[in-house]
Asker: 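Pasting a structure below so you can have a look.
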Amino acid sequence: MNVYDSGKIAACLVRLGYQQTGMLEIADLVIVNTCTIRAKAEQKAFSFLGRLARLKTKKPGLIIGVGGCVAQQEGEKILRRVPQVDLVFGTQAIERLSLLIPKIEDKRCRIVDVGLMEKPDLPDAVPDRLIDDPVSAFVTIMRGCDNFCTYCVVPHVRGREASRHPDRIIKEIGDLVQSGVKEVTLLGQNVNSYGKKEGLCSFANLLSRVNSIDGLLRIRFTTSHPKDFGSDVIKAFKTYEKVCDHIHLPVQSGSDRILDRMNRKYTRALYLDKISELRDNCSAIAITSDIIVGFPGETEADFAETLDLINTIQFDGLFAFVYSDRPNAPAVHFKNKISEDEKRKRLQAVLALQENVTRMKNQALVGSVQPILVEGVSQKQSSGRCKRPLTTAQWTGRTPTNKIVNFYHTDSRQRRADIFPGKIVRTRIEEAYAHSLWGEPVGLKSTTGGLKGEESYAA
Ligand code: 5AD
Ligand code: SF4
């Protein structure tokens, strides 16, 4: 969501006459778009602001802005903590940036704009934004959250849930496809409740409309909440050919007692039922999830239930986090906090268990042929660290199940048109690593057999 918002911020700055630069030292204005979901994200934002503050002592004309969720949460406290900051703007103030920045330029005043409306008027024009990725784009379909999980800061910094009108979403995706985008990821804190409050169409209906956009190849969406994840969306994986076989369905804990204390409003049994229904409906589906370890009061027995759930489900991938207190989230006041040491131990146990599962899942794909949507040259190649001759491109892309596949392809003059970002390339999976797969394109004559495995791609 921050990537999406950053694109809007960048477009606004371009309209004001700014140009993008990758060199911090020469920038006249820097906006830090922050996240506060966990304590670590907030710490990172402040340490980066410290770096900018030092830069400003050398370059006093530098304008520093702080946006996003830390800005929303801390407001003018940021001006006191980092006196070099000129602008603090909250999650609902992005649309006002084009007014705020000229004021700072003219008057060199300091501004804080962090109002959060109960009923935000979504500026529902199709947003003007810069995108870095020519193939795959995020599209926000709704903002805010009404769920109030007890550990979570989101409802307090992003406000109440509000959905965009489907016509605007379809227009935005149509424009992106016109500009060459092949894949969209629909974004919301809880996409399964899309449109309910406003009486717009259901999320499954929205998927059906997006599915019929010509030229679009793939649809992804995140995040789904198990309590609202209904059969109509489960069926969409089968019915709509562009909806990718991957679902991110955060479970957070395997213990009913902890799920209740988290205010998640579902049980372990209900979550397992959803997984069965998904797999019955679409056997190839990849399932990923989020886990929080060390929630206040989580006993050894509760944690054992989480490990057991991970073992039972065999996720394709997991994001695991140690619990951290967040401002205004009710769990701050919960008793029986778990020590940092114990939380780290539990995190390691989850990661070790999942690593084996992921390896086995990746290994099971070896020998299969997968359609890869090519995203570009792999990071190793683009950062100049690849030892292959320049005539050989190392490409990267993803399977519909969201697994990263790297492969070589000779970039000779005659074959240059064979592979390019945005193309779907059928690739036979040859090797599996912890976080990626190695493949060999099939049906393309100019591939370079036998080169794989010379470097290690395991993360
Ligand atoms: N502590 C740790 N993890 C958290 N998450 C959200 N809030 C917290 C917190 N206070 C995790 C959840 C969520 C993901 C985006 O971040 O797992 O699904
Ligand atoms: Fe936070 Fe829960 Fe809303 Fe997700 S559903 S954003 S975890 S309150």
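Note that the structure is predicted; figures quoted are calculated from it, not measured. Atoms within each ligand, like the ligands themselves, are counted from 1 in listed order.
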Asker: Report the nearest protein non-hydrogen atom to atom 7 (S) of ligand 2: residue, atom name, distance rounded to 0.1 Å.
Answerer: Tyr151 OH, 3.3 Å

Asker: Is there an N/O/S atom in Cys152 that lies less than 2.8 Å from atom 1 (Fe) of ligand 2?
Answerer: yes

Asker: Do you see a donor-acceptor pair shorter than 3.5 Å between the side chains of Asn406 and Thr396?
Answerer: yes

Asker: With rounding to the nearest 0.5 angstrom, report the CD to CE distance, Glu198 to Met142.
Answerer: 7.5 Å

Asker: Where's the contact between Phe148 and ligand 2, heavy-atom distance under 4.0 Å: side chain, backbone, both or neither?
Answerer: backbone

Asker: Should Lys40 and Val322 be marked as a side-chain contact (heavy atoms from CB on, under 4.5 Å) after you check the CA-CA gap, both sets of side-chain angles, and the distance that decides it?
Answerer: CA-CA 10 Å; Lys40 206 165 158 190; Val322 293; over 6 Å; no

Asker: Return the residue, atom name and 0.1 Å-rounded distance of the protein heavy atom closest to atom 7 (N) of ligand 1.
Answerer: Tyr151 CD1, 3.3 Å

Asker: Pick from Asn2, Val154, Val157: which one makes a side chain to side chain contact (heavy atoms under 4.5 Å, CB included) with Ile37?
Answerer: Val154

Asker: Heavy-atom contact under 4.0 Å between Arg264 and ligand 2?
Answerer: yes

Asker: Give the atom numbers and elements of ligand 1 that come within less than 4.0 Å of a heavy atom of Tyr323.
Answerer: 1 (N), 2 (C)

Asker: Hey, which atoms in ligand 2 end up nearer than 4.0 Å to a heavy atom of His225?
Answerer: 5 (S)

Asker: Find the distance between CD (Glu298) and CD (Glu305) and round it off to the nearest 0.5 Å.
Answerer: 10.0 Å

Asker: Quick check for you: to the nearest 0.5 Å, what is the distance between Leu270 atom CG and Lys265 atom NZ?
Answerer: 13.5 Å

Asker: Has Cys145 got an N, O or S atom lying less than 2.8 Å from atom 2 (Fe) of ligand 2?
Answerer: no

Asker: Under 4.0 Å from any heavy atom of Val322, which atoms of ligand 1 are there?
Answerer: 1 (N), 2 (C)

Asker: Look at atom 18 (O) of ligand 1 and say which protein heavy atom is nearest, naming residue and atom and giving the distance to 0.1 Å.
Answerer: Asp290 OD2, 2.6 Å

Asker: Please list, in number order, the atoms of ligand 1 under 4.0 Å from a heavy atom of Arg326.
Answerer: 10 (N)

Asker: Can the ring centroids of Phe237 and His246 be said to lie less than 6.0 angstrom from one another?
Answerer: no

Asker: Provide, to 0.1 Å, the distance between atom 2 (Fe) of ligand 2 and the closest protein heavy atom, together with that atom's residue and name.
Answerer: Cys149 SG, 2.3 Å

Asker: Looking at Gln189, which atoms of ligand 2 are within less than 4.0 Å of one of its heavy atoms?
Answerer: 6 (S)

Asker: Among protein heavy atoms, which sits nearest to atom 12 (C) of ligand 1, and what does the distance come to when rounded to 0.1 Å?
Answerer: Gln252 OE1, 3.4 Å

Asker: Give a yes or no on whether Gln314 atom CD has more than 12 heavy-atom contacts from other residues, nucleotides or ligands under 6.0 Å away.
Answerer: yes

Asker: Taking atom types as modelled, find out whether Thr401 and Thr399 have a side-chain donor-acceptor pair closer than 3.5 angstrom.
Answerer: yes

Asker: Working to the nearest 0.5 Å, report the span between CD of Glu161 and CG of Asn190.
Answerer: 5.5 Å

Asker: If you measure from each non-hydrogen atom of Pro155 to ligand 2, which part falls under 4.0 Å: side chain, backbone, both or neither?
Answerer: side chain

Asker: Which protein non-hydrogen atom lies closest to atom 16 (O) of ligand 1, naming both residue and atom, and how far is it?
Answerer: Arg38 NH1, 2.7 Å

Asker: Which atoms of ligand 1 have any heavy atom of Phe321 under 4.0 Å away?
Answerer: 3 (N), 11 (C), 14 (C), 16 (O), 17 (O)

Asker: Please state which protein non-hydrogen atom is closest to atom 9 (C) of ligand 1 and give its distance, to 0.1 Å?
Answerer: Ser324 O, 3.6 Å

Asker: Side chains of His156 and Phe148: does their closest heavy-atom pair fall under 4.5 Å?
Answerer: yes

